[in-house]
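So you know, we letter chains A, B, ... as the sequences are listed, proteins then strands, and number each from 1.
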Amino acid sequence: MPELPEVEVVRRGLERGVAGRTIAGVTVTHPRAVRRHLAGADDFTARLAGRTVAAVRRRGKYLWLPLDSGEALTGHLGMSGQLLVVPADSPAQKHLHVRLRFTDADRPGARELRFVDQRTFGGLLVVPDGDPVPPLLAHIARDPLDPAFDDDAFVAGLRRRRTGVKRALLDQTLVSGLGNIYADETLWRARLHGERPTDLLTRPAARRLLGHARDVLTEAIAAGGTSFDALYVSADGVSGLFERSLDAYGREGRPCRRCGTPVRREAFMNRSSASCPRCQPRPRPARR
DNA sequence: CAGTGGCCCTGTCTGC
DNA sequence: TGCAGACAGGGCCACT
């Protein structure tokens, strides 16, 4: 479940592995992987051949590779997507969908870029680049680790909404990078139930919430991300170690690390939320 | 217009 | 043993 920390770890791996290299050719073996490239797989391939990767950038959970053509190879990992930099002669992964070979492919030990995705929620496409982001991503808010993130605008935007705080944290147009794991972790640290109404949060509480989000994202990056299974690995195939630091997510029934009360699990938006019943009491039903 | 819910996918696990 | 169903869930879009 790649969220900001996992995507950032992948970005760093790609920066080391493919920045500055020139694409020799591309093979799409599963058309669904490029379904968001509306002009089709052939057009996708044609726009990449011969282009040099200038950099590797990220906003929220999106990655993009600016090219020397003024376009950008853009990708989202969805739930199970992987971008791997592996030896060009290594065996194909089970769910290998796209391969990018580089112009140094004839050199011994040459590595290529592979997009592997079991659940096919992720995908790649080529779009016009832009500053600070491709227009395609203009609706994605900055993430809390972005130096240009506007804390005051976040606090105001959060309190202006009329919804639950977890929904707001997951809304990538308000703040990007958080998914179910890090939203639950942020709420646990902030001692807030996810259904607390956003418009009733005080400014200091909203600011503390943001601080906790920043902390958990930063710590998770340092740990290499969270890997529950083999579905998330870095570009070099390494699993992250943050799972052992999780306080809420995936800890249903186990004692809260703060107060010992068993962590609860509740249905939420066709998925689930984990929280401490004592540290994070449900809001009173009566409101307004 | 903001908020909400459905849908897309496949592998793994659980229950009957 | 086998099969059906639940579950994992980010982003987009339709609907209210």
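Checking the phosphate oxygens (OP1, OP2) of dC12(C), a side-chain nitrogen or oxygen of Tyr62(A) falls inside 4.0 Å. Look at Arg160(A) and you won't find any side-chain N or O under 4.0 angstrom from OP1 or OP2 of dG3(B). In this model, the phosphate group of dC7(C) is not approached by any side-chain N or O of Ser272(A) to a distance below 4.0 Å at OP1 or OP2.
Atom pair Leu136(A):CG and dC13(C):P shows a separation of 10 Å (rounding to whole Å applied). dG11(C) atom C1' lies 11 Å from atom CG of Asp171(A), rounded to whole Å. Protein atom NZ of Lys61(A) is 13 Å distant from nucleotide atom C1' of dC12(C), rounded to whole Å. Taking atom CG of residue Leu170(A) and atom P of nucleotide dC12(C), one finds them 14 Å apart after rounding to whole Å. Distance CZ (Arg59(A)) to C1' (dG11(C)): 16 Å, rounded to an integer number of Å. Rounding to whole angstrom units, CD of residue Glu252(A) and P of dT14(B) are separated by 14 Å. Spacing between atom CD of Gln82(A) and atom P of dG11(B) amounts to 13 Å, rounded to whole angstrom units. Nucleotide dG11(C) holds its P atom 8 Å from the NE2 atom of His139(A), rounded to whole Å.
Other residues, nucleotides and ligands place more than 12 heavy atoms under 6.0 Å from the CZ atom of Arg35(A). More than 12 heavy atoms of other residues, nucleotides or ligands lie within 6.0 Å of CG in Asp215(A), so this atom counts as buried by the packing criterion.
A salt bridge between Asp143(A) and Lys61(A) is absent, with no side-chain N of the basic residue lying under 4.0 Å from a carboxylate O of the acidic one. Electrostatic pairing of Arg214(A) and Asp151(A) counts as a salt bridge here, judged by a charged N lying under 4.0 Å from a carboxylate O. Contact check on Asp171(A) versus Arg167(A) returns no salt bridge, with no Lys/Arg side-chain nitrogen under 4.0 Å from an Asp/Glu carboxylate oxygen.
Comparing atom distances between the Arg162(A) side chain and each of dG3(B), dA8(C), dG10(C) picks out dG3(B) as nearest. Of the candidate nucleotides dC7(C), dG3(B), dG10(C), dG3(B) has the atom lying nearest to any side-chain atom of Arg161(A). When distances are taken from the side chain of Gln172(A) to each of dG11(C), dC7(C), dG5(B), the shortest belongs to dG11(C).
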For nucleotides 7-10 of chain B, list the nitrogen or oxygen atoms of the protein found under 3.5 Å from its nitrogen or oxygen atoms, one pair per line.
{"residue": "dC8(B)", "atom": "O3'", "partner": "Arg32(A)", "partner atom": "NH1", "Å": "3.3"}
{"residue": "dC9(B)", "atom": "OP1", "partner": "Arg32(A)", "partner atom": "NH1", "Å": "2.5"}
{"residue": "dC9(B)", "atom": "O5'", "partner": "Arg32(A)", "partner atom": "NE", "Å": "3.4"}
{"residue": "dC9(B)", "atom": "O5'", "partner": "Arg32(A)", "partner atom": "NH1", "Å": "3.4"}
{"residue": "dC9(B)", "atom": "O5'", "partner": "Arg32(A)", "partner atom": "NH2", "Å": "3.4"}

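Of the possible polar contacts, none joining the Gln280(A) side chain to the Arg278(A) backbone as a donor-acceptor pair under 3.5 Å is found.
Remark on DNA chain C: of its neighbouring residues Leu137(A) and Asn180(A), the 5'-side contact belongs to Asn180(A), judged by nearest-heavy-atom nucleotide.
A cation-pi geometry, defined here as NZ or CZ lying under 6.0 Å from the six-membered ring centre and within 45° of its normal, holds between Arg258(A) and Trp188(A).
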